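Right, one structure below, let's go through it.
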Amino acid sequence: MASVGDTGGQEQRGRKVQKWNKRKRIGFHIDMTPYVDVIMLLLTFFIMTTTLNQPQVMQINLPKGDDADKVKVDMGNVVFIRVSEKGNIGLSKGKSDGTEEQPIKVNLEQMRNYLEGWGKQNPDLIMILKFHRKAKYDLMISVLDEINKADIEKRYSFSKIEEPDLKVLEVIGG
Amino acid sequence: MRAVKKKRVPPQEIDMTPYVDVIMLILTFFILTAQFKAELAEDIQVQLPSSGNDTTKLPERNVMTLVVNKFGDIFVDVDNINVREDVIGDAIGLAAYHPDSTTQPGWTNPANLNEKGELKRPIVAFNDREKFKKLLIDFRLSSKNITGKDLRIVVKGDKDADIGTIQDLMDILKETKNTRFSFVTDLEQGNKE
């Protein structure tokens, strides 16, 4: 009874409570678990959506296509690379008199070796690429890639495949 | 005895702060490096051919992507949403053109386009070569107006696409005076060089 009514005792008790509260606040502690959960989710999302390996590109420059740009080339500098529907590659060198040599059937590796050899002999070498319309794009990229890899001047142009070209390709098996 | 001892040991709390710090760093890294594009690559699946010699990376901004799938369709997309809105009148529209009139466009069957068999973006078909050429020119002009930078053109062809389609596309690019472009390829695995 005395202790309840005693103001002094109450004061002391109040101070004690305050002190205890203060001490508790010093040891203030946040539960980080939900925070970490959310961050992990975000992290997973960004890891999943990031594309780290950007694809490569192969740069192509076409001629502007104006009539004024047309140049006459010596057939002796020309190499025809013809690709048939079946994916066979025929390589033939032009002669200065306007005709061309017999086509050679090559694979990609051989083509690069031939081109490197000819390119060293003749720095003005020009490659004319004639792809059959039904040949696959994959092969076209491979051919361009081999030309890029070859240690020669990269001068090539795309040209439409025509009847005479198909006849040439028949020689190497179509 | 043992029980009493256990009671005395205060509950072990692991301090998560350093852990959270590191995770925040990684998170920041991924947020900063992430690129958000209209996910065309996801929408139209193509198998890229591989090549071993290309060191140039795909440009990140102001890109016009020409996707050629194995059905001979050409899809045109520009990464800037305002340009798309301006040119084809649909911010998420995807322009498509089928150059070979003797075959059916592949996009008529959505199952052709990707594994899921559905395309999230509406296709705006161009059936006329002249209109398609105008579209390419419009894209370039609009992009120049809106972003102030030149569009870079990349061609993403499927391995099994016919060269004929690519040649048609190259002719169109040439006729529209887009003479600089790139073919997108995968870096060859196990490159001998």
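Everything numeric in this text was worked out from a predicted model, so none of it was measured. Below, chains carry the letters A, B, ... as their sequence lines are ordered, and counting in each starts from 1.
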TODO: Sort out for me which residue in B:Asp86, B:Ile81, B:Val87 forms a side-chain contact (heavy atoms from CB on, under 4.5 Å) with B:Val83.
DONE: B:Val87

Open item on the list: Please classify the contact between B:Ile166 and chain A as side chain, backbone, both or neither, with a heavy-atom cut-off of under 4.5 Å.
Closed with: side chain

Task: Max heavy-atom pair count under 4.5 Å with chain B, selected residue of A:Leu43, A:Ile60, A:Thr44 - done: A:Ile60

Open item on the list: What part of B:Thr165 gets within 4.5 angstrom of chain A, counting heavy atoms only: side chain, backbone, both, or neither?
Closed with: backbone

TODO: With a 4.5 Å heavy-atom cut-off (strictly below), which parts of residues 16-25 of chain B touch chain A? List them by number.
DONE: B:Met16, B:Thr17, B:Tyr19, B:Val20, B:Ile23, B:Met24

Open item on the list: Is it the case that the side chain of B:Thr176 and the backbone of B:Leu173 share a donor-acceptor pair, with hydrogens and angles ignored and the cut-off at 3.5 Å?
Closed with: yes

- [ ] Without swapping roles, check the side chain of B:Asp79 against the backbone of B:Asn62 for a donor-acceptor pair under 3.5 Å.
- [x] yes

Open item on the list: Counting only non-hydrogen atoms closer than 4.5 Å, does A:Phe158 touch chain B with its backbone (N, CA, C, O), its side chain (CB onward), both, or neither?
Closed with: side chain

- [ ] Measure distances from A:Leu144 to the heavy atoms of chain B and classify the residue's part below 4.5 Å as side chain, backbone, both or neither.
- [x] side chain

Task: N/O donor-acceptor pair under 3.5 Å between B:Arg84 side chain and B:Val78 backbone - done: yes

- [ ] Using a strict 4.0 Å threshold on nitrogen-to-oxygen distance, state whether A:Lys134 and B:Asp162 make a salt bridge.
- [x] yes

- [ ] Sort B:Asp158 into side chain, backbone, both or neither according to what part of it lies under 4.5 angstrom from a heavy atom of chain A.
- [x] backbone

TODO: Kindly assign one of parallel, tilted or perpendicular to the pair A:Tyr114 and A:Trp118, based on the angle between their ring planes and the thresholds 30° and 60°.
DONE: tilted

Task: Lys/Arg-Asp/Glu bridge criterion (N-O < 4.0 Å) met for A:Asp165, A:Lys160 - done: no

Open item on the list: Salt bridge check, A:Glu146 against A:Lys149: does any charged N sit closer than 4.0 Å to a carboxylate O?
Closed with: yes

Task: Expected output: side-chain A:Asn77 to main-chain A:Ile126 donor-acceptor under 3.5 Å - done: no

